[in-house]
*Asks:* 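Structure below; questions to follow.
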Amino acid sequence: MTEMRTLGEGSWVPQECTLPTVEQPLRLAEFDDLFASAVVGMERVDRLRVRLELRPAPTVAGRAADLVTRETGCCSFFTFTLTATGGQLALDVAVPEGHVDVLDALAARAGLQEGA
């Protein structure tokens with residue numbers, strides 16, 4: 001199980017995150033904003049992967065791509081796959097076995113924001 005830092009209720013920042021502690025609440029707020037403004041559906045594909053259905057807009061795709069690119073710089077265990085096809089936009093978030101708790105917390109946070 002991954003040990004996580006507490007930044008607030010529902011936090012999913014793992015101990016091994018290399019993002020400076022002072023910047024972590026800002027990154028968390030960026031994810032919360034993406035979840036609240038762009039997530040229109042969520043599916044738990046399997047134990048190690050969540051699919052977020054995003055509002056299909058170029059600005060959303062650009063924002064999501066920028067955010068997840070920066071996130072893999074500090075939490076390299078994440079695998080993000082952004083797919084635009086058939087008028088739909090999806091962000092798959094996958095983790096290795098040892099980080100399922102981080103994925104669970106991210107999914108819970110996205111679910112709390114969905115439709116907000």
Side-chain angles (χ1 to χ4, degrees):
M1 181 178 280
T2 303
E3 189 174 330
M4 289 190 272
R5 296 183 192 137
T6 302
L7 289 179
E9 191 176 328
S11 180
W12 48 272
V13 179
Q15 284 293 104
E16 65 265 36
C17 177
T18 62
L19 187 67
T21 304
V22 71
E23 293 179 31
Q24 290 175 7
L26 301 173
R27 179 69 55 82
L28 189 59
E30 286 184 86
F31 272 99
D32 282 349
D33 185 55
L34 179 69
F35 296 155
S37 66
V39 173
V40 296
M42 183 172 59
E43 173 189 2
R44 187 67 181 246
V45 177
D46 59 40
R47 191 165 172 274
L48 302 176
R49 186 166 48 119
V50 169
R51 177 170 295 133
L52 302 174
E53 182 184 340
L54 304 177
R55 193 168 37 80
T59 55
V60 172
R63 197 167 113 214
D66 174 64
L67 180 56
V68 301
T69 298
R70 288 183 288 122
E71 185 63 17
T72 58
C74 61
C75 292
S76 61
F77 60 85
F78 277 119
T79 299
F80 295 102
T81 305
L82 188 62
T83 306
T85 185
Q88 296 182 336
L89 183 63
L91 177 64
D92 281 22
V93 184
V95 296
E97 187 66 40
H99 290 89
V100 172
D101 54 343
V102 178
L103 185 63
D104 291 344
L106 180 143
R109 197 156 187 103
L112 290 173
Q113 300 296 323
E114 186 179 347

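Not measured: the values here are computed from a predicted model.
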*Asks:* Would a 4.5 Å heavy-atom cut-off, applied to side chains only, mark Asp92 and Phe80 as touching?
*Replies:* no
*Asks:* Shortest non-hydrogen contact from Arg44 to Ala107?
*Replies:* NH1-CB, 4.2 Å
*Asks:* Would you say that Arg27 contacts Leu67 through its side chain, given a criterion of any heavy-atom pair below 4.5 Å between the two side chains?
*Replies:*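 Side-chain contact under 4.5 Å: yes.
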*Asks:* Side-chain contact, heavy-atom cut-off 4.5 Å: Arg51 with Thr81?
*Replies:*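 With C-beta onward as the side chain, the pair stays apart.
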*Asks:* Report yes if some heavy atom in the side chain of Val68 is under 4.5 Å from a heavy atom in the side chain of Thr72; otherwise report no.
*Replies:*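 A side-chain contact is absent here, since even the closest heavy-atom pair is not under 4.5 Å.
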*Asks:* Take Arg63 and Ser37 through the side-chain contact (heavy atoms from CB on, under 4.5 Å) test and state the conclusion after the steps.
*Replies:* CA-CA 11 Å; Arg63 197 167 113 214; Ser37 66; 2.9 Å; yes
*Asks:* Report yes if the side chains of Gln88 and Val40 come closer than 4.5 Å at any heavy-atom pair, otherwise no.
*Replies:* no
*Asks:* If you look at every heavy atom in Pro96 and Phe77, which pair is closest and at what distance?
*Replies:* CD-O, 3.3 Å
*Asks:* Could you please spell out the steps behind the side-chain contact (heavy atoms from CB on, under 4.5 Å) verdict for Leu89 and Arg55?
*Replies:* CA-CA 7 Å; Leu89 183 63; Arg55 193 168 37 80; over 6 Å; no
*Asks:* Could you state the interatomic distance from SG (Cys75) to CZ (Arg70), rounded to the nearest 0.5 Å?
*Replies:*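 CZ of Arg70 is found 12.5 Å from SG of Cys75.
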*Asks:* Below 4.5 Å, heavy atoms only, C-beta onward: do Leu91 and Val39 meet side chain to side chain?
*Replies:*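 No, every pair of side-chain atoms sits at 4.5 Å or beyond.
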*Asks:* Do the side chains of Arg109 and Phe31 get nearer than 4.5 Å, heavy atoms only?
*Replies:*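 In short, these two side chains do not touch, never coming nearer than 4.5 Å.
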*Asks:* So, do Glu30 and Leu34 sit near enough that their side-chain heavy atoms are less than 4.5 Å apart?
*Replies:*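 The answer is no; the side chains never approach within 4.5 Å.
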*Asks:* With rounding to the nearest 0.5 Å, note down the distance linking CG in Leu82 to CG in Asp66.
*Replies:* 11.5 Å
*Asks:* Testing the basics here: between Thr18 and Gly73, what is the closest heavy-atom pair and its distance to 0.1 Å?
*Replies:* OG1-O, 3.8 Å
